[in-house]
Each structure stands twice: as structure tokens, then as C-alpha cells.
Amino acid sequence: MAAPQPQAAAVSSASGVSGPGSAGGPGPQQQPQPTQLVSSAQSGLLQQQQQDFDPVQRYKMLIPQLKESLQTLMKVAAQNLIQNTNIDNGQKSSDAPLQRFDKCLEEFYALCDQLELCLRLAHECLSQSCDSAKHSPTLVPTATKPDAVQPDSLPYPQYLAVIKAQITCAKDIHTALLDCANKVTGKTTAPSTGPGGSL
């Protein structure tokens, strides 16, 4: 009676039937690596930070909230108006609590203030970008990238002259601001003396 068992084992091995742990069977599903999860979380956090710092993206995010706040404000105003009209006419008003109109109006004004700040910040960023492109020196041609040379690029000696002029102007502005601050506070700057003593 023990002879059929080896035969069955031989038949199963000959037919190529494999268990779940063999190479032919369905192996375990591939799990996401921890590095992939961390990178995806970091990319999501970076995108959220860019949206927070970008005034245009912030403005686009606040527009639907402003629309919803305006709809809520109009709805609450209509409900309060109907209730006050019923009270004035001596009719019984509904016992359901109504939302406060001043709270809805305050929320609407808060969103409007945020939108105004986003627009002002976007305008300032655009103005700074235009001023930077206007007053900053153009690129200097490099010998390693001759194809990238622009027709309006400055030669290196002229570039150095422009940078020196900007540094001198910044120093003059700094000195003028210090003089004005000293005059406002009533202090006078004493002349500096050399290491040998007084002038």
C-alpha cells in the first residue's frame, strides 16, 4: 500500500507542477522601496512649499474659496433679511438658528485681503524682475561655450568696469545712509586716526 506514494510524487515532479515558492509560480508582489516613498513625500512637500511661496499659485487657490465665501455670504444675508421681515410683519419665524452675517462678512473680507496681498506681491516680483533684467549686466562670453555667445554680451574688461561701478555706487549709498542716520540721532562721526596718533 506504500508503493503508490512514490509514484504520485514522481508523476507530479515529471508534470512540472511547482509550489508557490518555486520560480514558475506567482512570486510575492514587489513592495515600494522606502527611498521611493521618501522621495515622493519630499517632492510633494517641495511642491506645496512652492505653491505657498508663489503668489500666482496662491491667488489661484484662493479664488474658489472666495467664490464659496461670497455664495455663503449672500445666502446668510437673504436668510437674515427674510427672518427680520417676518418679525417686522408679526409673522412667526423659524426656530432654526441662523448663521451670523458679521462672521461671514469678516471671512469674506479676510479672503479679499489675502488676494490683495498676493496681487501686490506678484506685482513687486514682476517689477524686480524687470529692473534686474534692465540694470544687470549681460552675460560674458566664455571660451568653453563659443556657441552660447549672445550678440549683446559684454567683453570681459567692460564687464569688470560695470561691476566696479556698481560696487562704488553701493558704497556711496551705504555712506549716505550712515550719514543720514548719524544726523538723525545727533551723533557725529569722529575722523579716523592712523596708527601713529592724531591727524
Side-chain angles (χ1 to χ4, degrees), residues 29-83 96-156 158-178 180-181 184:
Q29 296 181 356
Q30 185 179 3
Q31 298 294 332
Q33 299 295 330
T35 56
Q36 296 178 356
L37 297 177
V38 172
S39 61
S40 61
Q42 290 179 353
S43 62
L45 181 60
L46 180 60
Q47 184 178 3
Q48 182 66 28
Q49 290 178 354
Q50 290 177 354
Q51 291 179 357
D52 292 339
F53 287 110
D54 190 1
V56 178
Q57 294 294 332
R58 181 66 177 169
Y59 179 83
K60 292 180 179 179
M61 291 174 57
L62 289 175
I63 285 296
Q65 300 180 16
L66 183 66
K67 291 181 179 179
E68 183 179 357
S69 177
L70 181 59
Q71 293 176 358
T72 304
L73 179 64
M74 294 294 103
K75 181 179 179 180
V76 172
Q79 292 176 355
N80 282 272
L81 182 61
I82 292 174
Q83 185 180 16
L98 298 178
Q99 297 182 7
R100 294 182 57 178
F101 176 76
D102 54 349
K103 293 294 184 181
C104 297
L105 186 62
E106 183 179 355
E107 181 182 358
F108 177 74
Y109 279 147
L111 290 174
C112 290
D113 292 339
Q114 294 183 23
L115 288 173
E116 183 180 1
L117 290 176
C118 290
L119 291 177
R120 287 185 178 181
L121 181 59
H123 184 265
E124 289 294 332
C125 293
L126 181 60
S127 300
Q128 290 182 4
S129 178
C130 294
D131 293 339
S132 177
K134 180 179 179 181
H135 299 291
S136 297
T138 54
L139 297 176
V140 179
T142 57
T144 56
K145 296 180 180 180
D147 299 336
V149 176
Q150 298 181 359
D152 56 346
S153 59
L154 294 175
Y156 191 70
Q158 188 176 356
Y159 175 80
L160 289 179
V162 172
I163 294 299
K164 290 179 180 179
Q166 291 181 351
I167 293 175
T168 304
C169 181
K171 289 182 178 179
D172 293 340
I173 293 175
H174 183 262
T175 303
L177 290 175
L178 286 178
C180 292
V184 169

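Every heavy atom of this structure was used, including side-chain atoms; hydrogens, water molecules and symmetry mates were not.
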Spacing of [X] atom [atom1] and [Y] atom [atom2] [to the nearest 0.5 Å]:
{"X": "Cys118", "Y": "Gln57", "atom1": "SG", "atom2": "CD", "answer": "11.0 Å"}
{"X": "Arg58", "Y": "Leu121", "atom1": "CZ", "atom2": "CG", "answer": "11.5 Å"}
{"X": "Lys103", "Y": "Leu73", "atom1": "NZ", "atom2": "CG", "answer": "14.0 Å"}
{"X": "Gln114", "Y": "Met61", "atom1": "CD", "atom2": "CE", "answer": "10.5 Å"}
{"X": "Cys104", "Y": "Tyr109", "atom1": "SG", "atom2": "OH", "answer": "13.0 Å"}

Between Glu116 and Arg120, does a salt bridge (Lys or Arg N to Asp or Glu O under 4.0 Å) hold up when you go through it step by step?
-> CA-CA 6 Å; Glu116 183 180 1; Arg120 287 185 178 181; 2.9 Å; yes
Does some side-chain heavy atom of Thr72 sit less than 4.5 Å from a side-chain heavy atom of Gln99?
-> yes
Would you call Tyr59 and Asp54 a side-chain contact if the rule is heavy atoms closer than 4.5 Å?
->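 No - every pair of side-chain heavy atoms lies 4.5 Å or more apart.
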Side chain to side chain contact (heavy atoms under 4.5 Å, CB included) partners for Lys75, two or more places apart =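 Side chain to side chain contact (heavy atoms under 4.5 Å, CB included) check on Lys75 returns Gln79.
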Ser69 side-chain N/O to Gln65 backbone N/O, donor-acceptor pair under 3.5 Å |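 No.
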Is there a donor-acceptor pair under 3.5 Å between the side chain of Ser127 and the backbone N or O of His123?
->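 Indeed, once roles are kept as given, a pair shorter than 3.5 Å links the two residues.
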Result of checking Ile63, Leu62, Leu70 against Leu111 for side-chain contact (heavy atoms from CB on, under 4.5 Å) |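 The option that passes is Leu62.
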Could you go step by step and tell me if Phe108 and Cys112 meet the side-chain contact (heavy atoms from CB on, under 4.5 Å) rule?
-> CA-CA 6 Å; Phe108 177 74; Cys112 290; 3.7 Å; yes
